[in-house]
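One structure is given here, and the rest of the page talks about it.
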There are 2 protein chains.
Amino acid sequence: MKSLVSRCPIEEVMQILSGRWPTLLIYYLKQGTKRFSDLRRDNPTISHKMLTLELRKLEDAGIVERTEFEGYPLRVEYQLTPAGHRLVPLIDALGDWWETTSDTSPHPGSTDAEAAVSNTASRD
Amino acid sequence: MKSLVSRCPIEEVMQILSGRWPTLLIYYLKQGTKRFSDLRRDNPTISHKMLTLELRKLEDAGIVERTEFEGYPLRVEYQLTPAGHRLVPLIDALGDWWETTSDTSPHPGSTDAEAAVSNTASRD
DNA sequence: TCGTGGTTACAAAAAGGTGCGTAATTTACT
DNA sequence: AGTAAATTACGCACCTTTTTGTAACCACGA
């Protein structure tokens with residue numbers, strides 16, 4: 001199903017974590033078990049289509065475990081796998097790195113100066 | 001254009017690192033200074049437009065430094081900033097995590113044989 | 001004219017949003 | 001009591017938006 005025909009593990013992880021949702025979902029899931037609708041409430045701007053797709057992707061990657069309960073109105077729970085939990089600090093480290101970087105790096109469009117990343121074609 | 005004004009640093013990093021090129025480019029740049037055409041040779045499937053865009057993004061993020069030399073056929077060199085160098089091990093850690101994960105986590109529902117994504121992972 | 005590093009305009013492709021359908025049971029209304 | 005509506009977690013089809021590719025062009029000096 002997943003044809004992540006690997007060249008490099010880094011490319012594979014990035015394929016999974018790329019986009020705005022994966023890390024966000026992991027973030028919320030690290031708080032504990034969540035249902036589909038919980039996650040939608042956690043981030044109201046994700047569509048149900050995206051949520052399903054992203055959740056599926058994380059499941060395939062072994063980051064998230066899906067548990068379906070019999071009965072109606074049909075209940076499904078999501079939680080991080082052990083591997084998923086091990087991933088959390090690595091993601092946090094990236095966040096920390098970015099905080100440090102944008103703090104110490106005198107680059108346009110990072111700290112307090114401005115936010116508009118305008119490609120004014122050249123400023124040399 | 002793209003407002004990086006985000007709530008969470010993790011969202012911001014992922015915005016920079018998402019996609020297949022950023023980590024690849026960082027990977028090649030950690031080998032040392034590279035010119036535009038070097039990077040195109042390193043990954044032949046990137047279009048020159050994408051390469052400029054991604055390079056610009058990494059530059060804005062303070063990960064890559066661009067040096068333009070005066071001269072005949074115009075020469076530009078790219079290299080990692082100190083912050084960029086500090087980022088490398090974090091990315092590597094993700095790669096390592098993935099290797100371990102895909103090795104030890106035979107998640108249910110997926111193909112048993114396919115779970116083993118054999119990657120010889122020879123970098124560094 | 002070539003080659004470098006880059007930009008722009010347009011086209012193609014991929015990603016994402018919207019809304020409908022579905023299941024089996026409970027509740028709501030008449 | 002009987003019918004309709006609501007519930008949950010999606011799948012699917014259609015359509016819009018964003019991203020990426022393609023190609024042509026620019027500047028300069030050998």
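Proteins get letters first, then strands, A, B, ... in listed order; numbering begins at 1 in each.
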(message) Which residue in the set Arg41(A), Glu77(A), Arg40(A) passes side-chain contact (heavy atoms from CB on, under 4.5 Å) when paired with Arg35(A)?
(response) Glu77(A)
(request) Using a 4.5 Å cut-off on heavy atoms from C-beta on, say whether the side chain of Leu29(A) contacts that of Ile63(A). (result) no
(message) Distance check needed: dT20(D) C1' versus Glu54(B) CD, whole Å only.
(response) 10 Å
(request) Send over the distance from Arg20(B) CZ to dT20(D) C1', rounded to a whole Å. (result) 11 Å
(request) Please identify each residue that fulfils side chain to side chain donor-acceptor pair (under 3.5 Å) with Trp21(A), with sequence neighbours left out. (result) none
(message) Rounding to an integer number of Å, can you tell me how far Lys34(A) NZ sits from dA9(D) P?
(response) 13 Å
(message) For Tyr28(A), is the OH atom crowded, meaning more than 12 foreign heavy atoms sit under 6.0 Å from it?
(response) yes
(message) Given dC10(D), dA23(C), dT7(C), identify the nucleotide with an atom nearest to the side chain of Thr52(A).
(response) dC10(D)
(request) Write down the distance between CZ (Arg35(A)) and C1' (dT8(D)), rounded to a whole number of angstrom. (result) 7 Å
(request) Mind checking Phe69(B) for me? I need base, sugar-phosphate or nothing, with any heavy atom below 4.0 Å counting as a touch. (result) nothing
(request) Round to a whole Å and report the spacing from CZ of Arg75(A) to C1' of dT7(D). (result) 14 Å
(request) Write down the distance between CG (Leu74(A)) and C1' (dT26(C)), rounded to a whole number of angstrom. (result) 15 Å
(request) Report the residue (Tyr72(A) or Leu55(A)) whose heavy-atom-nearest nucleotide on DNA chain D is the more 5′ of the two. (result) Tyr72(A)
(message) Taking the side chain as everything from C-beta on, heavy atoms only, tell me whether Leu51(B) gets closer than 4.5 Å to Leu25(B).
(response) yes
(message) Please find the pair of heavy atoms, one from Gly19(A) and one from Ser18(B), that lie closest to each other, and give the distance.
(response) N-OG, 2.8 Å
(request) Find the distance Leu51(A):CG to dG16(C):P and express it as a whole number of Å. (result) 13 Å
(message) With side-chain contact (heavy atoms from CB on, under 4.5 Å) as the test, pick out the partner of Leu53(A) among Met50(A), Lys57(A), Arg56(A).
(response) Met50(A)
(message) Please report the distance, rounded to the nearest Å, between CZ in Phe36(A) and C1' in dT8(D).
(response) 9 Å
(request) With a 4.0 Å heavy-atom cut-off, tell me which residues in residues 40-50 of chain B come close to DNA chain D, sorted by residue number. (result) Ser47(B), His48(B), Lys49(B), Met50(B)
(message) Of the options dA9(D), dG11(D), dG5(C), whose atoms approach the side-chain atoms of Arg56(A) most closely?
(response) dG11(D)
(message) Is there a side-chain contact between Arg66(A) and the phosphate of dC10(D), meaning an N or O under 4.0 Å from OP1 or OP2?
(response) yes
